Number of protein chains: 2
Amino acid sequence: MADTDSKDRAGRVTKVRTLADLAKIAGVSPGTVSRALAGNSLVNTKTREKIEAIAREHGFRPNQMASKLRRQKTGVIGIAIPLGHDVRQKISDAFFMTLLGHLAAELTEKGYDLMLRRVIPAQDEDWLDRFIGSGMVDGVIVIGQSDQFERIEEVADGYLPMVVWGNHQEGQRHCVVGTNNRLGGKLAAERLIASGVKEIAFLGDTQAIEFAARFAGAKEVAEKMGVRIRVLPTHLSPERTGEEIAEHLREIEGKVDGIFAATDTIAVTCLKEIRERGIDVPRQLKVVGFDDLPISSQTAPPLTTVRQDIAAGAKGLVDLLLRRLAGDDTESLVLPPHLIIRETA
Amino acid sequence: MADTDSKDRAGRVTKVRTLADLAKIAGVSPGTVSRALAGNSLVNTKTREKIEAIAREHGFRPNQMASKLRRQKTGVIGIAIPLGHDVRQKISDAFFMTLLGHLAAELTEKGYDLMLRRVIPAQDEDWLDRFIGSGMVDGVIVIGQSDQFERIEEVADGYLPMVVWGNHQEGQRHCVVGTNNRLGGKLAAERLIASGVKEIAFLGDTQAIEFAARFAGAKEVAEKMGVRIRVLPTHLSPERTGEEIAEHLREIEGKVDGIFAATDTIAVTCLKEIRERGIDVPRQLKVVGFDDLPISSQTAPPLTTVRQDIAAGAKGLVDLLLRRLAGDDTESLVLPPHLIIRETA
DNA sequence: CGCGCAATTGCAATCGTTTGCAATTTTGCT
DNA sequence: AGCAAAATTGCAAACGATTGCAATTGCGCG
């Protein structure tokens, strides 16, 4: 508030490391200091102010480890990012990162810290139990089910404070927040077909459960409308994707007139490859993406895509987790996707 | 090793929460259990195996809080992201997120966890002391100096295990890892001028120290070569940037023939606005960015930019921090930028 | 069989805070 | 002034794992 260098300008000679040290200086007991610094307790205002002053003067902060140990809660939420095979990719994936950014904002606002952990399930069987059982976090948010659906289910049976970002399956036991991927897939296919597309290619890896759902939705619509649709497996590693897509394009050229990309990242790369082949979008080939990342409005031409509301997703994850921390057994939250029409379809 | 359901198949009825519980079952003392689980200690192989078996059977994990308290180290590295004014923006900024992704990979590999904390210095005077003094982290990496240069300097005087991503100033006291921004700025300007540019506009906020250095480098070259250069303040919040840039473009149209964007994010938005105004890149207007984000090769036309080696930066941050944890007082690390020539200049 | 040394194990203090309970001081009221 | 009730404060036991030191056990060998 006022001046900082008032009396103790000799620096940090006096080292006050513990409540007890501080208590000695203040002439009270450690318990009182603890209560005083905790703020709202039942300690005399005058005493509190004196203690606070001394604490400030010495730059004292109570040791969090001790505090957490004693109180049996950490104020930390664990964020686990399971990396399936694409080991180096996913954590720098634009979608996950954006989600993480929003999570950080939400959790910080609620007074929680985030502990981030990249896990490689293939190398570490019980990554989830380890994270949970370590006593380092009060709850866990798992970003992406990867290929760990079963393991997550098992853990969910005995551990309440966990929420997962991902796809919702009929009858699953773990609490998930995510977009209705199937519906999103339908929207994409409908748009392509409404734009006159006669044959669709889906670019994505249908082993990932979300992508499979997106494809399933598109397929349903396509079949109903008598439009052919095929899958062209496409991965997400920044290096390989470009080539993979180029190859696909060579293969489908002239046969397919609509592309549904499992991800905006794929769509963006795809647009670039298409441009290089001199194909006109949307005249000759129409493209719809999925996610609506910030970049997607910046492409040439701007990408038509299915929007996932990432901010709402983050808020949902945090809200549900907090309710679970309070003992509620919450339902999953499935968010509606929105078709964003720009210029590629 | 062998079968898991050998004797205690009654499930999780017996709850083993502490070393002591486990010790009782194993018929040894808690100390022995601790040593056994720690692995390398001086406990009899047979005993160890027995204890490990019981631990596995009951899914027991030693409480980390207690462990950390006792050992006075946490195995956690704090990552602080100071947000200047653009409160919601920076943490989802592509550059920071990419860096964070690489940091996560590096730190995980070295056996550390990451604790992520968004801080808003304006709302929280002593964010850094709080983070450090909390006893929750063994060391801190600060991502971006924001407008907190002075505060970081102060803290660095009394706290060794801290490394900062940012710009290096002559004679600064804190250990920093970052790109040589001034040199990067020179490279950008040289390229623009070599492409025939006669007047340059720098798009960026020179209040940010890194950006100021980039501009300074460009300015030096421009002045030497007799080319005019001006600053057009541009922020990074996703919403405002587009409009700001549009306005700038209106203002400079016809006068300026080269743009140096402080950031690829700005450059990408810029390219889009330019396209919408029907200006030809690179014929009428040349553009150089900074960062070389993954998207930058995907724009139309692909962006010429100054590359920061993010992976090397992350590795540098982690290496230096680990050496500081070991007691070394390390020097700063300044990485060379690389001009990546694509099609916009 | 007994001694000495090495290999294991147990004991108990410690890390620094929090908090129920009891002790003490204040306050309010007659 | 006297006494009950309320407001503060102190005491000491947790929280759960680690680790120096001492005690025990086991082993080799004369």
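Letters A, B, ... mirror the listed sequences (proteins, then strands); counts begin at 1. Bear in mind that the values here come from a model prediction, so they are computed numbers and not experimental data.
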Taken to the nearest whole Å, CD/A:Glu49 to P/D:dT8 is 13 Å
Is any side-chain N or O of B:Arg70 under 3.5 Å from a base N or O of C:dT14, one able to act as donor and the other as acceptor? yes
Taking atom C1' of D:dC15 as reference, at what distance in whole Å does atom CE of A:Met136 sit? 17 Å
When we call it a touch if two heavy atoms are under 4.0 Å apart, what does A:Ser34 touch: a base, just sugar-phosphate, or nothing? base
Whole Å only: how far is the CZ atom of A:Arg61 from the P atom of C:dG16? 17 Å
note: A:Lys68, atom NZ; D:dA14, atom C1'; distance rounded to Å ~ 19 Å
Looking at B:Arg61 and A:Asp126, does any basic side-chain N land under 4.0 Å from a carboxylate oxygen? yes
Any B:Thr32 side-chain N or O less than 4.0 Å from OP1/OP2 of C:dT9: no
Reckon B:Thr47 has a side-chain N or O less than 4.0 Å from the OP1 or OP2 of C:dT9? yes
Would you kindly say whether B:Arg323 and B:Thr330 are connected by a side-chain donor-acceptor distance under 3.5 Å? no
Rounded distance (Å) that lies between atom C1' of D:dG20 and atom CZ of B:Arg35: 9 Å
With a 4.0 Å limit, can you tell me whether B:Gln72 has a side-chain N or O closer than that to the phosphate oxygens OP1/OP2 of C:dG16? yes
Let me know, please, whether A:Pro30 or B:Gly31 comes out on the 5' side of the other along DNA chain C by nearest nucleotide. B:Gly31
Once you round it to whole Å, what is the distance between C1' of D:dA14 and CZ of B:Arg17? 16 Å
What is the separation between atom CG on A:Asn44 and atom C1' on C:dT24, rounded to the nearest whole Å? 14 Å
Mind checking B:Val28 for me? I need base, sugar-phosphate or nothing, with any heavy atom below 4.0 Å counting as a touch. sugar-phosphate
Reckon A:Ser29 has a side-chain N or O less than 4.0 Å from the OP1 or OP2 of D:dG10? yes
Residues B:Gln145 and B:Trp165: side-chain donor-acceptor under 3.5 angstrom: no
Measure CG/B:Leu69 against C1'/D:dT19 and give the value in whole Å, please. 14 Å
Between B:Asp113 and the options A:Arg118, A:Arg117, A:Arg130, the salt bridge (Lys or Arg N to Asp or Glu O under 4.0 Å) test singles out A:Arg117
Under the side chain to side chain contact (heavy atoms under 4.5 Å, CB included) criterion, do B:Gln169 and B:Phe149 qualify, and how do the steps go? CA-CA 10 Å; B:Gln169 314 278 76; B:Phe149 193 92; 3.5 Å; yes
